[in-house]
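A short worksheet on the structure shown next.
The basis for the numbers below is simple: all heavy atoms, side chains too, and nothing from hydrogens, waters or symmetry mates.
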Amino acid sequence: MVNILVQDLKAGFVVKEDVCSQDGHIIMPKGMKITKHRIQVLGAFLIKEIRVQERTSLSNPEEEINELYESIEKYNTFVDQYKKAIEEYKKIFQG
């Protein structure tokens with residue numbers, strides 16, 4: 001496990017601890033693989049560094065596909081949480 005600055009992240013690293021926004025919402029769950037888009041999301045939330053496991057190379061294509069599906073499911077969960085947070089912020093600002 002390594003603490004790494006968001007600006008130094010590379011695609012393929014794995015999040016070792018849930019990454020939370022300043023208000024405590026999980027924006028990236030433990031076990032999620034880092035992608036270029038996710039690095040941008042971390043920057044948008046002003047996250048400076050996270051704990052990651054260094055990249056590992058997988059030799060089994062089936063394992064890679066399964067990991068990709070798991071990553072997509074986790075990403076969809078993130079998107080759902082993100083949308084809920086946006087709606088909550090809208091209500092706060094409108095109130």
Side-chain angles (χ1 to χ4, degrees):
M1 250 187 311
V2 179
N3 277 354
I4 190 163
L5 295 173
V6 169
Q7 65 197 31
D8 296 331
L9 283 173
K10 303 276 189 249
F13 284 97
V14 177
V15 177
K16 286 304 284 181
E17 294 178 355
D18 290 343
V19 178
C20 296
S21 63
Q22 292 177 350
D23 62 358
H25 288 91
I26 295 174
I27 57 173
M28 217 163 280
K30 174 182 173 180
M32 181 173 272
K33 273 200 169 182
I34 297 295
T35 64
K36 287 182 183 181
H37 175 73
R38 291 183 182 139
I39 293 169
Q40 292 173 343
V41 169
L42 291 169
F45 277 94
L46 304 176
I47 305 296
K48 300 292 183 202
E49 71 177 20
I50 64 172
R51 290 186 75 103
V52 296
Q53 177 180 342
E54 292 191 44
R55 290 186 277 187
T56 58
S57 64
L58 300 172
S59 59
N60 183 349
E62 190 172 315
E63 185 178 335
E64 289 182 21
I65 291 169
N66 289 337
E67 260 194 41
L68 181 60
Y69 281 124
E70 288 176 21
S71 182
I72 290 169
E73 287 177 16
K74 288 179 184 178
Y75 178 75
N76 287 338
T77 300
F78 161 75
V79 170
D80 290 342
Q81 291 176 348
Y82 179 79
K83 287 179 181 178
K84 286 179 187 175
I86 294 293
E87 289 304 315
E88 288 180 35
Y89 285 122
K90 282 181 182 178
K91 289 177 187 176
I92 291 170
F93 284 120
Q94 290 172 351

Contact summary for [X] and [Y], nearest pair of heavy atoms:
{"X": "Tyr75", "Y": "His37", "result": "OH-NE2, 3.3 Å"}
{"X": "Lys74", "Y": "Pro29", "result": "CB-CG, 4.3 Å"}
{"X": "Phe78", "Y": "Ile27", "result": "CD1-O, 2.5 Å"}

| query | Listed by chain and number, what are the salt bridge (Lys or Arg N to Asp or Glu O under 4.0 Å) partners of Lys91, not counting sequence neighbours? | reply |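 Per chain and number, Lys91 pairs via salt bridge (Lys or Arg N to Asp or Glu O under 4.0 Å) with no residue.
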Calculate, to the nearest 0.5 Å, the distance between atoms [atom1] and [atom2] belonging to [X] and [Y] respectively.
{"X": "Gln7", "Y": "Ile39", "atom1": "CD", "atom2": "CD1", "value": "11.0 Å"}
{"X": "Lys16", "Y": "Met32", "atom1": "NZ", "atom2": "CE", "value": "15.0 Å"}
{"X": "Gln53", "Y": "Phe13", "atom1": "CD", "atom2": "CZ", "value": "10.5 Å"}
{"X": "His25", "Y": "Asp18", "atom1": "NE2", "atom2": "CG", "value": "13.0 Å"}

| Shared hydrophobic cluster, Leu42 / Val79 (ILVMFWY, side-chain heavy atoms < 4.5 Å) |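 Linked, Leu42 and Val79 end up in one cluster.
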| Is it the case that one hydrophobic cluster holds both Phe45 and Ile86, taking links as side-chain heavy atoms less than 4.5 Å apart, direct or via other members? |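 In one cluster with Phe45: Ile86, yes.
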| message | Using side-chain heavy atoms (C-beta onward) and a distance below 4.5 Å, is Met28 in contact with Ile34? | response |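 A side-chain contact exists here, since the closest heavy-atom pair is under 4.5 Å.
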| request: Answer yes or no: are there more than 12 heavy-atom neighbours, outside Tyr82 itself, under 6.0 Å from its atom OH? | output: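 Check fails, neighbour count at 12 or below.
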| Salt bridge Lys84-Glu87, side-chain N to carboxylate O under 4.0 Å |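 Salt bridge absent between Lys84 and Glu87.
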| Yes or no on side chain to side chain contact (heavy atoms under 4.5 Å, CB included) for Val41 and Ile47, after CA distance, side-chain angles and deciding distance? | CA-CA 9 Å; Val41 169; Ile47 305 296; over 6 Å; no
| task | Sorted by first residue and then second, give each side-chain hydrogen bond (donor to acceptor under 3.5 Å, both in side chains) pair with at least one member in residues 38-50; sequence neighbours left out. | result |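 Matches after skipping sequence neighbours: Arg38-Ser71.
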